[in-house]
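Since we're looking at a predicted model, the values are computed, not measured.
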Amino acid sequence: MTDTTAFDWRPFLVEWSGEWADCLPEGETRSGDDASARRSRWLGFPPADEARVAAAEARLGRRLPPSYREFLKVSDGWRHAGGFVWLLAGTADARWHDDASGLADTFEEEDLDEDAGPQERREADIWRRGLQLDVASDATYVLMDPEDVDEDGEWAVYTWAGWRAAPPERHASFRAFMREMHREFHRLRARPGEGEPEFVNDTTRRLDRLVEEARLEALRGDWEGALRLLDEAGAYGRPRAAGLGDQIRRLLGRTYMVDFGGLATDPRYTSELLPLLTAEHAAHSYRDDRTLSFHLRGAEADLMGPALTMLDGMRKGTYAYTAPGAFGEAVERARELARWGDTDAAWRELTSALPSWEPLGPDHLAPVGWIADPLLGSLLTEERGRELLSTPRGGEAGAAPGPTPPLDPPGLAWLAEPDPGGSRTCYRFVLVEGVEPEELPARLADGGGTELNAPMTSWQARHGSSHGRGEFPAYEDRPLLAVGRAGAGWSFAFDGDPAAFDRQRFVPPAAAACAGARAVVVWSGLRTRHGEPFFHLSVARGGVEQYAFTYDEGKIRESGRIPRTLRPDQYFGDPGDGADDAERALLAAVGREFGVHLPRQALVHGRLHTCTGRSWTRPPKEGEGYLEVRVHVR
C-alpha cells in the first residue's frame, strides 16, 4: 500500500526546479528549453486540465493512477527527472511500450526458469504491457505497470538501464518514483565538481541538520533513531551520512557496501577505519591486491604503503588494534584475555570502558577498528554490536543498556552438541591445574616444540598450518593443540582434529603434564564416523596416574579409584549398551568435578596460540608393524 498522506505536488516541484536552476554552472544547459527552464526556475510545463487528462485516458484505454493524474494537473510532463531521464511524458507522450525495445524475450530468457516467482515473471513481461513515460533519456526506460496495482489504485513504476547492470528497480507509485528521482538528482550533485556552484539549498541544510542530530543521538545510545535519520540524509547523498551510518552498520555485522564514505582515507580516522577495509579485502581478495586501492577509493601512495603493511599483518594474524586513552588500555587488557580464550571477559573489559571513549573527530561515532584485530574480532555478534551502540559515550549522557548474555556456556557439555559443519565428532584435550597456558608446551611437548605458535583459527590449525610441527616418525601421533585458560587455576590444550584412536598403543599424557597439581585427559570419539565409538578419561597428580577408564568396543576398562560421579558404568551401563547419551552426561560430570570449562567462542570462532604436543602413541614394539605413506607433489 502506498503512502496516502495528502501530497501537494506544486511546492515539491517548485523547490526541485529552484535547486536545479541554482546548481548549474554558467552555460550548462542541454537546449533552449533548458535555458528557458533555468530562467523561469521551472522544470515543468503548463498543467493539464481534466479534459486533457481524460482524453489521454481515452486514447490509452485505461484510467491513469492517482498520483500521476494529480501530477499532470500541476505539470503536463517534466524535464530532468533524476540524472538520466531528460524528458518525462505528459498526457500527449505517454504511450504503451508494446516491447518497442525488444527486451521482453531477453528478460524472459535470462531471468525466468521453472523456479521463477510471480514478481520475476511480472518484471519480465512489463516490456509488453507497460506504459512508457521516458521520452528522452540516457538509455533509461521508465514504465508504469497497469497490472502491479495496490489497493489505492497506484501503479508500480519500473526503471531500467542496461549500463547499470542491475534488474529493473521498482517504485510503489509515480509519486514514489518522482521522490526517488529528486533524491537521485541530489546524490549526483552532492559533491560539486571543479567550477560548479556549491550545492546548498533548503533541502541540503535541513538534511545536514538531521545528520548532526543523528550524530548526537548515536553517541547517546539511540543508534536506531540515528540510523533512520542518516539513511534519510544518505538517500540524498549528504556527504557525512554514509560515513556515520556505515560505522553503525559495521557494528551490526554488516559488511556489504560498507566503505565509510571516504572517511577511511581521512588522516583523523585512518587508524580506526582503514583496518576494517583492509581486513575485508584480506578476507575476500585471495591475495590479489590490485583492487585494494579501489576499496580505499583510490588512496594515494602515502596511504597505500601503510595499508599494504597492515594487510600483511592481517594475513599473518599479527595486526594489533590500538586506541588512545582509557579505552585503549581496556583494548590491551581485552586482547590478553581473548588470546587465552576468555572472550566473555574480554567483551566485558571493552564495554566497561565505553563511557570513557572519545571520538577521533566529529565524524566518529563509536570504536569500530577493534573488529579488524585478529584476536578481538571474534568478540563481535549482532547482539553485542547493539549493546555497544546503545552505550552512551563520547561525553554524551543516556541510559545504559543491560549486558548481553555470555557466549560461552559453562562446563564442557557443549562439546557434545553438533557443530554447524558437523566436523566435531572426535576431539581430545588436556586440563592442567596450577599452570598458566604459556607453560603448557614445556609439559606437553618435546625438544624444539616447546614454544607457542602465533594465535590461529581452528580452520588454520586443522587444515592450513604445519608451523612448528617439524618432521617425526609416521607412527607417532603428535597433536596440534590450541591452548588457553579453562577456569580459575586451570589451563587447557585442545585438539579438535585428532588422529585415529589406537587402543593398543595409546599413552595418556596426563602424568607427564602435571607437577604437584592435577592433570585431566579426555578423548571422545562417541560420535566418530570411523570405527567403534570410544571415550577415555584419565586423571594424574604429581606425575602419577590416579585413575582412568576407557570405553571402547562396547567394553569398559578401568584402573585406580574412580570417584562415584565419574564411574563409567553409570553412563555406559551394561557393556553391550549403546553410548548415545553418555557423552553429554560425562562431559558435564567432568566439568563439575574439576570446576573447569572450555571456551566455545574462542575454539570455534576465535584465534588461540598452538603448540605441537608429544606423541600420544607409543613406538611399536618388536614384532609390531605400521604403515607409512609418503606423497610427493611436483
Side-chain angles (χ1 to χ4, degrees), residues 2 13 16 20 30-31 33-34 43-45 48 53 56-57 59-72 75-112 116-150 153-189 235:
T2 56
L13 298 176
W16 185 349
W20 175 83
R30 288 186 174 275
S31 63
D33 286 343
D34 280 359
L43 284 168
F45 296 88
V53 174
E57 292 175 331
R59 174 175 60 84
L60 296 169
R62 293 289 295 264
R63 181 175 175 83
L64 296 172
S67 61
Y68 185 50
R69 283 185 114 259
E70 294 305 314
F71 163 79
L72 292 172
S75 177
D76 194 7
W78 191 252
R79 303 179 182 90
H80 300 295
F84 308 103
V85 179
W86 306 317
L87 181 61
L88 200 64
T91 53
D93 295 320
R95 63 197 184 280
W96 297 114
H97 184 63
D98 286 332
D99 198 24
S101 61
L103 287 168
D105 290 341
T106 300
F107 270 77
E108 288 176 353
E109 292 171 2
E110 293 181 356
D111 296 346
L112 294 185
Q119 183 64 21
E120 289 90 348
R121 296 185 183 279
R122 179 183 294 124
E123 291 176 2
D125 201 40
I126 194 175
W127 304 101
R128 295 190 176 92
R129 67 170 182 270
L131 184 68
Q132 184 170 346
L133 298 185
D134 58 281
V135 178
S137 70
D138 183 8
T140 300
Y141 293 95
V142 181
L143 303 178
M144 279 203 303
D145 189 347
E147 293 187 18
D148 190 353
V149 184
D150 69 13
E154 293 289 357
W155 302 4
V157 177
Y158 289 84
T159 60
W160 184 81
W163 46 264
R164 279 179 168 159
E169 182 177 0
R170 182 184 184 275
H171 311 272
S173 65
F174 180 77
R175 171 185 167 184
F177 161 75
M178 287 293 278
R179 290 180 69 90
E180 175 56 27
M181 292 305 98
H182 182 231
R183 287 189 285 265
E184 181 178 86
F185 156 70
H186 267 260
R187 289 195 297 271
L188 294 172
R189 292 289 182 174

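Rounding to the nearest 0.5 angstrom, the gap separating the CE atom in M144 from the CZ atom in F174 is 7.0 Å. To the nearest 0.5 Å, atoms CH2 (W96) and CG (L60) are separated by 6.0 Å. With values rounded to the nearest 0.5 angstrom, E184 atom CD is found 12.0 Å from H182 atom NE2. Annotation: the span from L43 atom CG to S75 atom OG amounts to 8.5 Å, rounded to 0.5 Å. Between the CH2 atom in W20 and the CG atom in L13 there is a gap of 14.0 Å [rounded to 0.5 Å]. To the nearest 0.5 Å, the span separating CG on D33 from CG on L87 amounts to 8.5 Å.
Using a 4.5 Å heavy-atom threshold, the side chains of H80 and W86 count as touching. Side-chain contact between D145 and W155 is absent, with no heavy atoms from C-beta onward closer than 4.5 Å. Looking at D148 and Y158, their side chains come closer than 4.5 Å, going by heavy atoms from C-beta outward. Between M181 and W78, the closest side-chain pair of non-hydrogen atoms is not below 4.5 Å. In this structure, the side chains of V85 and T159 stay at 4.5 Å or more apart for every pair of heavy atoms.
With D76 contributing its side chain and T91 its backbone, the two residues share a donor-acceptor pair below 3.5 Å. Checking side-chain atoms of E154 against main-chain N and O of A172 turns up no donor-acceptor pair under 3.5 Å.
Closest heavy-atom contact between A94 and A89: N-CB, 3.6 Å.
Applying the salt bridge (Lys or Arg N to Asp or Glu O under 4.0 Å) test to residues at least two apart or on different chains, none of the pairs has a partner in residues 80-91.
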What donor-acceptor contacts under 3.5 angstrom involve side-chain atoms of residues 131-140, with partners at least two apart or in another chain?
residue : atom : partner : partner atom : Å
Q132    : OE1  : H97     : ND1          : 2.5
Q132    : NE2  : D134    : O            : 3.4
Q132    : NE2  : D134    : OD1          : 3.4
Q132    : NE2  : D134    : OD2          : 2.9
D134    : OD1  : V142    : N            : 2.8
S137    : OG   : T140    : N            : 3.1
S137    : OG   : T140    : O            : 2.7
T140    : OG1  : D138    : O            : 3.0

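With respect to the salt-bridge test (charged N to carboxylate O, under 4.0 angstrom), the residues E70 and R175 do not qualify. Salt-bridge check for E180 with R170: failed, with every basic side-chain N at 4.0 Å or more from each acidic carboxylate O.
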Check step by step if side chain to side chain contact (heavy atoms under 4.5 Å, CB included) holds for W127 and D105. CA-CA 9 Å; W127 304 101; D105 290 341; over 6 Å; no

Derivation of the side chain to side chain contact (heavy atoms under 4.5 Å, CB included) call for R179 and H171: CA-CA 10 Å; R179 290 180 69 90; H171 311 272; over 6 Å; no

